[in-house]
Trainee: 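Could you have a look at this structure, given as structure tokens, before my questions?
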Number of protein chains: 4
Amino acid sequence: MNNNKLWGGAFEKSPTEKLLNFTSGRDVKSIDPCDQKLIPYDIATNKAHIYMLWKQKIINKSEYQAIDKELDNIFELYMNNKFKLNPNLEDVHTNIEDHLTQKLGIEIAGKVHTGRSRNDQVLSDMYLYLLANIDKYISDIKSLINTLNKKAKLYKDYVMPGFTHHQYATITTFGEVLLAYSTAFNRDLISLANIKAKFNFCPLGSVTSYGTTFAIDPSIVAKKLNFASKFQNSIDTISNRGEFEAEFTFVICNFLNHASSLSQTLILFSMPQFGFVNLADQHTTGSSIMPQKKNPDPLELIKAKAAFAHGTLVGLLSITKSSFIGYNRDVQQTKSMIMDLIEESEDIPTILTEIMSEIQVNKEKLFIEANKNFVTTTGLMELIVQNKNISMRQAKKLIESAVKISLQSNKNDKIDYISMNQAIANSSLDINISTQELDLWQDPNYQIKLIIKD
Amino acid sequence: MNNNKLWGGAFEKSPTEKLLNFTSGRDVKSIDPCDQKLIPYDIATNKAHIYMLWKQKIINKSEYQAIDKELDNIFELYMNNKFKLNPNLEDVHTNIEDHLTQKLGIEIAGKVHTGRSRNDQVLSDMYLYLLANIDKYISDIKSLINTLNKKAKLYKDYVMPGFTHHQYATITTFGEVLLAYSTAFNRDLISLANIKAKFNFCPLGSVTSYGTTFAIDPSIVAKKLNFASKFQNSIDTISNRGEFEAEFTFVICNFLNHASSLSQTLILFSMPQFGFVNLADQHTTGSSIMPQKKNPDPLELIKAKAAFAHGTLVGLLSITKSSFIGYNRDVQQTKSMIMDLIEESEDIPTILTEIMSEIQVNKEKLFIEANKNFVTTTGLMELIVQNKNISMRQAKKLIESAVKISLQSNKNDKIDYISMNQAIANSSLDINISTQELDLWQDPNYQIKLIIKD
Amino acid sequence: MNNNKLWGGAFEKSPTEKLLNFTSGRDVKSIDPCDQKLIPYDIATNKAHIYMLWKQKIINKSEYQAIDKELDNIFELYMNNKFKLNPNLEDVHTNIEDHLTQKLGIEIAGKVHTGRSRNDQVLSDMYLYLLANIDKYISDIKSLINTLNKKAKLYKDYVMPGFTHHQYATITTFGEVLLAYSTAFNRDLISLANIKAKFNFCPLGSVTSYGTTFAIDPSIVAKKLNFASKFQNSIDTISNRGEFEAEFTFVICNFLNHASSLSQTLILFSMPQFGFVNLADQHTTGSSIMPQKKNPDPLELIKAKAAFAHGTLVGLLSITKSSFIGYNRDVQQTKSMIMDLIEESEDIPTILTEIMSEIQVNKEKLFIEANKNFVTTTGLMELIVQNKNISMRQAKKLIESAVKISLQSNKNDKIDYISMNQAIANSSLDINISTQELDLWQDPNYQIKLIIKD
Amino acid sequence: MNNNKLWGGAFEKSPTEKLLNFTSGRDVKSIDPCDQKLIPYDIATNKAHIYMLWKQKIINKSEYQAIDKELDNIFELYMNNKFKLNPNLEDVHTNIEDHLTQKLGIEIAGKVHTGRSRNDQVLSDMYLYLLANIDKYISDIKSLINTLNKKAKLYKDYVMPGFTHHQYATITTFGEVLLAYSTAFNRDLISLANIKAKFNFCPLGSVTSYGTTFAIDPSIVAKKLNFASKFQNSIDTISNRGEFEAEFTFVICNFLNHASSLSQTLILFSMPQFGFVNLADQHTTGSSIMPQKKNPDPLELIKAKAAFAHGTLVGLLSITKSSFIGYNRDVQQTKSMIMDLIEESEDIPTILTEIMSEIQVNKEKLFIEANKNFVTTTGLMELIVQNKNISMRQAKKLIESAVKISLQSNKNDKIDYISMNQAIANSSLDINISTQELDLWQDPNYQIKLIIKD
């Protein structure tokens, strides 16, 4: 942090670095080569592959050990930030094989690519990368759900108007609102678990698309890499590269749709017009010229990321549509697309957790609003039905009439006793409603106890 | 069928009615109102709802029985094609309630909508509709898979060139190609099962979005309608209308991507240039002017339906993105979108099953091609590695050199003995390869036995 | 209209039929076969085609006259609603040719399809259909713009807070807000004019994709049908069917994005929290259970239609992506897609015109809000710069400090004199600001005169 | 280039660096920060802005000159690769203002941001960036069109079968095929010119969204920056950020759809099954294990880029859908999206130009195929109509019958004399066709002269 941002003079607290990074995005940030992210996974798949080659007697023990040791060396270089990809060597696979060849010669290193192709190799790297990122998402969304649930308990009795069509509908609580989102995010966890199970097969051994004459055993590789099983059909595995990416993207789309709805709801709830919640200073940003601004930028960007994710999904689905059998280079594009999406979206669960942790909810304001704009009128109608032995449709007509009369006498929040009686008189119903009943049945606190049943 | 089609004079067999319907599509076909499809489901949810109202003592037994009997009457009318939606009555819910009111009066019929809203009602109808369609898809895709697997067994030893990048790669069999698609379709079954489990909760009781003061028990309704459970959070359930539709659409997208790839592969394989397969006459259509044409229209349309499905998915995802809490009317659009997609795509599994059942595969042509264009060369390289104790990289360089030499002497299909020897001589390798070895190792039948391991 | 809608009891005015139709959508409405819409255009292209055949001496005069007369007869039948498409006859082209054959025999009617194909015929029908719909859009959007501009003049001095990030930013007027939308819609007119010019070439004569040996003259046909010119390259014309549809869809997407933004702005402005505008009763709908509801359903649906349009665009673009040269049946799907989009969206300009005509704007409330939440503070800062000879950055720091001090003393709307002075004292600046200056410079009416320059 | 690629041993020529870069893509390439691309444009907008401030007497001459000179210094640093963005300073605007402040102090540099905001500033930078890229596209597509047209002239008389539905249709020439694509690309030029005209207004002066109290003159800025005019309505300009990006993206989508279709056509035409064209060695790539492979990777990737562009379009359209009035941060996402798309696609026109320049077309093979599979049969039918005084429908039925008979006697390419006569005998037609006529009318060279009319 420094003082040179063009805004922020009126703020008490500065945004956290993660948030600043999220909001400034790629303006001043460069993006690493995609294969940078694959180095550890490519080392892992190489190690598993040569282990299998040895077990299957395709290479001998000393060859295995020599290559395996050198792969460990590469990993150590990598961990110490010393293994850099040479852009002249096309990709991570070539970089690693080239390193091995430099160290071990073509007679030995030239065996590492036996019985495989870059097609199944990169796919295996990607599967490992995707599964790891699924786990990260699962863990971060769980934290978000925990925070929402904890806060929901805290705001359990914060009675407020519920909205439909952006208009006041009936009574609810702020706790229920938060539980709505934690329930939605829970479905995203189910989906993540589903795709984790669905794509838990190791592609190595599919080779170009059609297998190999070498006596390889893909099950050994799969087990070594902790996959649930080996691939089932080599052509399917390679031809449908991009399907795992699309599935993951779809789950992210759903997650971001939920997140974008939470964002939009918080953006409105925190407008001065609402005053339902306050976002912490550090979760908003200022303006380069308007001194008073406290803008919900991170929430706005979450909405934009949802749009970005939809676009990624379209691109991914389109790439493999109508593709001819076997590997086609078109699918290479899927690599940067899914990596970009993960990079753009991976911090969102954590950011939302942080925002939700610091949010302030104005209980008093919520309650005031819960008494406005006829938000308790549907409850009143229901209570008349329950107590006055008329059908719901009869009660609705009665109440609609009462609302109309109330509005004419500028009562815009609840039905008053005079309007109620007038409406009854205008109807053919033989009932009466006391002031006490009218007051009680339009009391948000009374209604909410009947609504929240557990 | 009649003689007035503008094409078809050269055909032996006419297309089936289902296929004709699929190919002419909406040109001369009208589309029913959406709510037409919901009538039986709306009757079912009404029946379950009033049953619960009775069990919860919100209505009495005679009211329940009167309404229930009248709902049965409506169902009978519907089954006899006599219950028609009145367009002045907005939707199926109003039509049914209006019918009940006509028959039973507002005092009784006016109770049917007690403790619910059209928001949770239509959602429940839609869930039932979607779950029924998922079951239909599952059943039809299973038939398709069965057909593919049966045919795969039949074509188990139809050796052929495998393609990558649209170019000959290595040896495979036609059986393996079919298994690739049945494996992919199997993943679609997994996804269908997953969403069937994920959205197996009954929305009734969510009401507008925020529940009700009535002492309803949504679990009774859920059980009566054979859902696994009631909804979890009423706001989430209603706010996220469209999510089930989007998930189903995504699975259809994946299925159609697989189907479009199978279609594209068959389109190419049946071109005269390939001659790998013949589509049955009845699975192709003719031209209005070109007398000789036999066009794979159904397969082309399957590709277009995949594109259509992608579009539907985008629309559905976009509708709920960034939506404010609670029900918003925007989601109404999701109804016609998913229904249109189902209508456009539901016959595809059956059509593909039919096409695959009648397909003719040219074993001889496949084998001829399996001996061309160096498709056995990678296998040769692998067999040299396995037999001559050199590394895969060394072998590859050797073979690349041999290919180059072969091409120079216009040998475009396999490496000949002279080129092989020349390449060995040019290398520093100390090996030799006999004509017998060269012939055997480039024999597709020999290679395929090593490749297909199970 | 009848009394049986489940809602509406509290309304003064009922929705217009067009609006009811728009909001209930396809629930109780069926959709005609696509080719129903093409009948008049197919008659027109038939007439132009046979005229050219005669002029080119491919048919003789009496043949021309006989066919032409019978086409006129079909048109009269159509206008009297008596020409019905027979679904067994595949499409409109076959229906019309069949009718001609019934009337004139194969010797004469069998000549109508000379030198053309259904590929160029349907494309020409579609071009005419699309161009007609572009004209309708242009006309309806012009009306919308006129209404917005007229209203903008009316609300020229309705001073109000401008928003950025959903937060108060600086002063504007309601007139400027409306002009923002009319400016955006004007760009849509430019786009409509552009595609009208771009696709103003007649496809007839492209035949299957590759022309014909007949001595046709496509320019005659083009002229007869009022196209600007004939097609340029027959293969391009046929292969790229769907491109015109996609272009039109893209313009609709842009238009609906603008319309959806106007809708969202009106939805918020009409919330009780804002109270900036009132939508007329007839432009809102009620609830099936909540008696007090006045929901902005048409505006919500406009947003959904934007999403639907995005989906249509994706589908259309995807259909022709990577397509092999020449006509492919995939493109047939484009017909129902564009027709559905037009059907779903064509009333939106008119509906928005109607809504905007009846909208009520609360000038007083707008002005009250223009004095709140520091919305005049940026103007104040600018006026300090203009009058006190300090740089904008210096002024901004000063004002940020003053805002902070004001907030601490619970002044949330404008900077008060004490806070201002305190901020000056805390700074190193050598200026002073009088109460009169402070009041004047924070007066929305004063600021707006400086902002609105023309 | 080096020897360490894992493939390529059998190639005569290596891929050019541009192609290698295109095919390896982002695997080993990092992406610069977005604002890196904006530096020269931000300097330009700064220079124009302060010039206007001086002309409008908002700053004085010496202030103007001091800032202007320092901006020139920054430009020189930038050109010498010495102006690096400091990631702690959020964006290019802050970096440049900070540099000015370091050099000139807050009293002078603090005036540079007078009467503007980052909202209008970044938009102006982006407009300049987009317009420059439109020009680059225009120029590169023009080169592509020139190459196609030049080649079309060369292949003017390369007679070949035209395809519809992937099946032989009627006769065409390779020249016509190339002209189809140049015609399509010409439409893309029209679209580029259209959006260049449509978005040729300068956003500076819109400020946050609502203008300013400063006496700025946006026309001066617009003129200085060579825009056609200033913006029309400040709110519209800022609120619809992303629209220009979406329009540009849509044109790229269309261009890439055309390019993807050309790619797919070349991929098939260059398959051994076709043998119509040869791609130059340097425009294909090899395999990491299959020694014989010559894969059309660049063409495959072009197809994938089309899919990527579709996705970008969806994302961009979705971001501004249903957005509330005024600037919203969501739009920031549009910056990296359009820049990524340009980066991914900008070389495609040049790459296609290069590929088309080096392509080899097999005239002999094309002509052989033009005599196969009844591709001349439709022409024959047309010539019978023209010479034997029967209607097209009568002729079609006759020919369909003749095709059927031919097929029964294993004549699969043309109708033979015996079959023709048999068909005539079976019909009720009173015509006869001589062998000379039959031969001539099925001669591709004879037909093509009638088809290609100009």
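None of the values given here were measured: they were computed from a predicted structure.
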Trainee: Under the rule for side chain to side chain contact (heavy atoms under 4.5 Å, CB included), what residues qualify as partners of B:Val112, not counting sequence neighbours?
Mentor: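 Scan of B:Val112 (side chain to side chain contact (heavy atoms under 4.5 Å, CB included), adjacent residues dropped) gives B:Asn46, B:Ile50, B:Ile67, B:Glu97, B:Leu100, B:Arg116.
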
Trainee: If I measure from the heavy atoms of chain A, does B:Ile448 come under 4.5 Å with its side chain, its backbone, both, or neither?
Mentor: neither

Trainee: Tell me, for A:Thr114 versus chain B, whether the close heavy atoms (under 4.5 Å) come from the side chain, the backbone, both or neither.
Mentor: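 Both parts, backbone and side chain.
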
Trainee: Parallel, tilted or perpendicular, judged at 30° and 60°: which one describes the rings of B:Phe276 and B:Phe274?
Mentor: perpendicular

Trainee: Report yes or no: does B:Thr265 contribute a side-chain atom to a donor-acceptor pair with the main-chain N or O of A:Ile325 at less than 3.5 Å?
Mentor: yes

Trainee: For B:Ala215, is it the side chain, the backbone, both, or neither that has a heavy atom closer than 4.5 Å to a heavy atom of chain A?
Mentor: backbone

Trainee: Under a 3.5 Å distance rule, please check whether A:Lys453 uses its side chain to pair with a backbone N or O of B:Thr212 as donor and acceptor.
Mentor: yes

Trainee: Counting heavy-atom pairs closer than 4.5 Å to chain B, which one of A:Leu450, A:Thr172, A:Ile235, A:Leu317 comes out on top?
Mentor: A:Leu317

Trainee: So which of B:Ser260, B:Ala197, B:Ala306 has the biggest tally of heavy-atom pairs under 4.5 Å with chain A?
Mentor: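 Most pairs with chain A among the choices: B:Ser260.
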
Trainee: Could you have a look at A:Val385, A:Thr213, A:Thr164 and say which one has the most heavy-atom pairs with chain B under 4.5 angstrom?
Mentor: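 Heavy-atom pairs under 4.5 Å are most numerous for A:Thr213.
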
Trainee: Among B:Gly211, B:Gly326, B:Ser322, B:Ser261, which residue forms the greatest number of heavy-atom pairs with chain A at distances under 4.5 Å?
Mentor: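 Highest number of heavy-atom pairs under 4.5 Å: B:Ser322.
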
Trainee: Which one wins on heavy-atom pair count under 4.5 Å against chain B: A:Arg187, A:Gln394, A:Gln167?
Mentor: A:Arg187

Trainee: Is it the side chain or the backbone of A:Glu247 that comes within 4.5 Å of chain B heavy atoms, both, or neither?
Mentor: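 Its backbone and side chain both get close to chain B.
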
Trainee: Check whether any side-chain N or O of B:Thr237 sits under 3.5 Å from a backbone N or O of B:Asn233 as a donor-acceptor pair, and report yes or no.
Mentor: yes

Trainee: Which one, A:Tyr210, A:Tyr327, A:Phe199, leads in non-hydrogen pairs under 4.5 Å with chain B?
Mentor: A:Tyr210

Trainee: How far does CG of A:Leu316 sit from CG of B:Asn257, to the nearest 0.5 angstrom?
Mentor: 10.5 Å

Trainee: For A:Asp330, does its backbone N or O pair with a side-chain atom of A:Asn328 as donor and acceptor, under 3.5 Å?
Mentor: no

Trainee: Please look at B:Ser323 and chain A and tell me whether the side chain, the backbone, both or neither of the residue comes under 4.5 angstrom of a heavy atom of that chain.
Mentor: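 Both backbone and side chain.
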
Trainee: Under a 4.5 Å heavy-atom cutoff, which of A:Ile171, A:Asn254, A:Ile190 has the most pairs with chain B?
Mentor: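 With the most close heavy-atom pairs to chain B, the winner is A:Asn254.
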
Trainee: So, does A:Gln447 use its side chain to make a donor-acceptor pair with the main chain of A:Thr376 at under 3.5 Å?
Mentor: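 Checked: pair present.
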
Trainee: Where on A:Leu268 is there a heavy atom nearer than 4.5 Å to chain B: the side chain, the backbone, both, or neither?
Mentor: side chain

Trainee: Under 4.5 Å heavy-atom distance to chain A, tell me which part of B:Asn389 shows up: side chain, backbone, both or neither.
Mentor: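 Just the side chain, heavy atoms under 4.5 Å.
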
Trainee: Using non-hydrogen atoms only, which part of B:Glu63 is less than 4.5 Å away from chain A: side chain, backbone, both, or neither?
Mentor: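 B:Glu63 has no heavy atom closer than 4.5 Å to chain A.
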
Trainee: Let me know if A:Ile216 has heavy atoms under 4.5 Å from chain B in its side chain, its backbone, both or neither.
Mentor: both

Trainee: Which value, rounded to the nearest 0.5 Å, describes the distance between A:Met392 atom CE and B:Ile106 atom CD1?
Mentor: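 Result: 10.0 Å between the selected atoms.
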
Trainee: I want to know whether A:Phe231 and A:Phe201 have ring centres closer than 6.0 Å.
Mentor: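 No.
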
Trainee: Please classify the contact of B:Tyr446 with chain A as side chain, backbone, both or neither, using a heavy-atom distance under 4.5 Å.
Mentor: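 Contact with chain A: none, neither part.
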
Trainee: So for B:Glu243, is it side chain, backbone, both, or neither that comes closer than 4.5 Å to the heavy atoms of chain A?
Mentor: side chain

Trainee: I'd like to know which of A:Leu383, A:Ile59, A:Leu179, A:Thr173 tops the heavy-atom pair count under 4.5 Å against chain B.
Mentor: A:Leu179

Trainee: Mind telling me whether A:Phe324 and B:Phe269 have parallel, tilted or perpendicular rings, with 30° and 60° as the class edges?
Mentor: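 Geometry flag for A:Phe324 against B:Phe269: perpendicular rings.
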
